[in-house]
Colleague: 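The structure under discussion is supplied below as structure tokens; questions concerning it will follow.
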Amino acid sequence: MVQLVFYVFATILVGSAAMVISARNPVHSVLFLILAFFNAAGLFLVAGAEFLAMILVIVYVGAVAVLFLFVVMMLDIDFTKMREGLQRYAPIGGVVGCILFVELVMAGVHWGMSPVMPAPITGGLGQPGGAATNTGALGNLIYTHYILLFQLCGLVLLVAMIGAITLTLRDRPMGRRQIISRQHERKRADTLEMMNVPLGQGTDANGGFIRPNDSYYVTAVPGSYGVPAAEKREPGEGDAE
Amino acid sequence: MADFFFHTLAGQLILMVLETLAVLVPLLIAVAYLTLMERKVMAAMQLRRGPNVNGIFGLLQAFADAIKMITKETIIPAGANRFLFLFAPFLTFSLAMTAWAVIPTGNGLAVANINVGILYLLAISSLGVYGMLIAGWASNSKYAFLGSLRSAAQMVSYEVSIGLVIVSVLLAVGSLNLNDIVLAQRHVWFCVPMFPMFILFFISALAETNRAPFDLPEGESELVAGFFVEYSSLSFGLFFLGEYANMILMSGMVSILFLGGWLPPLGIAPLTWIPGPLWLIAKILFCLFVFIWTRATFPRFRYDQLMRLGWKVFLPFSLLWMIATAGFLLATGLLPQGVS
């Protein structure tokens, strides 16, 4: 029974992995990639590693592949143009593929397999006094035995994250900004003026228009809506336009 | 008889199907009546009557809606990706149903009482975004596509804070099993010591289910109806069912993580006479009422406000709270040991 389930998952995994690189439509490729992730999670479940299976689904399917799909859906792909490029790039691609294949064969031939399997580091799974579930065993291994390596991995990721932010961060002075504290500071008197206008006569105040007070304009933020970034807007300026 | 059900393969299969039906049939009826409840409660809040023609108090309205929806014509827009277009609502619906397998309605009373139950829930709820993304892309419509892009960004943003809230609950429990999470709240529900996290999780649940005030993916005033604008008939109905089933699921998660699941508020005599599943249903109903109440009360967030709230407010706060929880548990020696 377990073997049957394993072969079902493995077949679909390999098949969808093949479809990832052979599907015409890149969105279909990503969807096949998600199917492949799913079946890999299924294989983990068959192996009894339920924690890894769930984490694979949460991290790769739930977050990474969503962003993949997000980007790929927005690509503007012209299929006829892609086919034009095929003949130009096919020889180079073929050469690179051949080199990789030869290297793989060489590595496979010289890969010495030890006849004795080293004892696996289990984190005390199922042993008396050890962790009862593989979640606990993984926690033991990562946070007790390999804490330094784990923290270093985190540091590498942090550096990558800071790098990505630095590369993409730019100050866009022309954008509209919302400063919530300023909005909360607003009083009714700043924006609203109650006038007792006689019937049929209107009012002459402000040239016949009722305008909000000057303080309403977002003068403090250079680069607010309609204001050039460089110069700071003076209160009252432009009101009469 | 018992021997047949527990020891033969056929018996186990029949038992499995029966268990599944015992969860799904009440769930689907609950979804049908949740739509009625929403309309009735919102009507009461807005001084209207709500549906009151079909059956007494409009009780048959849900079925009338269902029959109307099924008998409509299915329209597939020109240029749509036919398979994916029809696949997306099925995905949304089946994911919303699948997640219910691990929800415990009593002590050990779940279809699957698995060790990593809470991770399973997180995984299933994070898959919900695919239904929307695929629907938006396959519709070949700009409104649907914009809606699906919004939903993708929104769900990814709020999942991070949901994950951190769950981690701080798990720190206090010491297990990923949903049953253990409820049993850990025997003495005090987690909504008392972790009140800010309870609020934060509830708001994130609103964003995760695309409910008002975070219903940007389907913002009627900007995107017509968002990602399912091109859907009609049964395929629309499946989206609708999936969305409401997700609401009930999220209410169930709030109840289990913070409101003590099937446990009564106090372990004293008159309260313990009421069976556990009824307590869970009462708590879920309370959460659903707050969901509807929120919808009737608050205007929709703007998109940048939504992103600011998720990344600049919820994420740092939940991270800080998680570290504080871990530090507190370690300092007071309350950290659960050896349960793993």
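Model, not experiment: these values are computed from the prediction. Every chain is numbered from 1 and lettered A, B, ... according to where its sequence line falls, protein lines coming before strand lines.
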Colleague: With heavy-atom distances below 4.5 Å as the criterion, would you say the side chains of T325(B) and V169(B) are in contact?
Modeller: no
Colleague: List the atom of M19(A), the atom of S29(A), and the distance in Å for their closest heavy-atom pair.
Modeller: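 Distance-wise, the nearest heavy atoms are O-OG, 4.3 Å.
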Colleague: What part of L149(B) gets within 4.5 angstrom of chain A, counting heavy atoms only: side chain, backbone, both, or neither?
Modeller: both
Colleague: Would you mind telling me which of V116(B), V129(B), N81(B) has the largest number of heavy-atom pairs within less than 4.5 Å of chain A?
Modeller: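 Option with the greatest count: V116(B).
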Colleague: Does the side chain of N179(B) pick up a donor-acceptor pair with the side chain of N107(B) at under 3.5 Å?
Modeller: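 Judged by distance alone, the side chains do pair up.
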Colleague: Count the heavy-atom pairs under 4.5 Å between each of L122(B), L133(B), I114(B), L84(B) and chain A, then report the option with the highest count.
Modeller: L133(B)
Colleague: In terms of heavy-atom pairs under 4.5 Å, which option from L31(A), L56(A), V66(A), L67(A) contacts chain B the most?
Modeller: V66(A)
Colleague: Answer with side chain, backbone, both or neither: which region of A53(A) has an atom nearer than 4.5 Å to a non-hydrogen atom of chain B?
Modeller: neither
Colleague: Using distance alone, with no hydrogens and no angle criterion, decide if S141(B) and E230(B) have a side-chain donor and acceptor under 3.5 Å apart.
Modeller: yes
Colleague: Side chain from CB out, backbone as N, CA, C, O: work out which of these in I34(A) comes under 4.5 Å of a heavy atom of chain B, or both, or neither.
Modeller: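 Just its side chain gets close to chain B.
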Colleague: Is it the side chain or the backbone of I124(B) that comes within 4.5 Å of chain A heavy atoms, both, or neither?
Modeller: neither
Colleague: If I measure from the heavy atoms of chain B, does V59(A) come under 4.5 Å with its side chain, its backbone, both, or neither?
Modeller: neither
Colleague: Name the orientation class of the two ring planes belonging to F214(B) and Y158(B) (parallel below 30°, tilted from 30 to 60°, perpendicular beyond 60°).
Modeller: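 Rings of F214(B) and Y158(B): tilted, 30 to 60°.
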Colleague: With no hydrogens and no angle check, do the side chains of S157(B) and W311(B) hold a donor and an acceptor under 3.5 Å apart?
Modeller: yes
